[in-house]
Structures are given as structure tokens and as C-alpha cells.
Asks: 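I'd like to ask you about the structure that follows.
Here the structure is a predicted model, which means the values were calculated and not measured.
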Amino acid sequence: MREHFSAAVVVVEGERDDKTASITLIWHSGYAASIGLLEMGKLQV
């Protein structure tokens, strides 16, 4: 990711066999940049 992006956030939601939700979050770059990307995404939803 470093070659193409200065910051990125990936959020994945899945469903387990027992029908419970599983959410995984990873980010690249600094904590503040990641929070900013999440805030921008929140405005789009």
C-alpha cells in the first residue's frame, strides 16, 4: 500500500457460522490520518 497511498483504512464486516457479525479494521499511516479518513467516510454514508 505504501507505494500507492499515503493513508488508507480498510473495514471488513463478515458473518460467522453462528450468524454473529465480525468486524475487522486495519489502517496504514498515522492514527490522526486514519481518524480523518473515517470521519470523511462517515459523511458519505
Asks: Excluding sequence neighbours, so at least two apart, what forms side-chain contact (heavy atoms from CB on, under 4.5 Å) with I23?
Replies: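 Checked I23 against side-chain contact (heavy atoms from CB on, under 4.5 Å); matches are V11, E13.
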
Asks: Quick check: is V12 connected to I26 through a chain of hydrophobic side chains (ILVMFWY, heavy atoms under 4.5 Å apart)?
Replies: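 Yes, one cluster joins them.
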
Asks: May I ask you to decide if G30's main-chain N or O and S34's side chain share a donor-acceptor pair within less than 3.5 Å?
Replies: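 At least one qualifying donor-acceptor pair exists.
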
Asks: I'd like to check the side chain to side chain donor-acceptor pair (under 3.5 Å) partners of D17; sequence neighbours left out, ordered by chain and number.
Replies: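 None.
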
Asks: Does one hydrophobic cluster hold both L37 and Y31, with members joined at side-chain heavy-atom distances below 4.5 Å?
Replies: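 Yes; Y31 is reachable from L37 via cluster members.
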
Asks: Once salt bridge (charged side-chain N to carboxylate O under 4.0 Å, His left out) is applied, what residue pairs with a partner in residues 32-45 remain, sequence neighbours excluded?
Replies: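 Qualifying pairs: E39-K42.
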
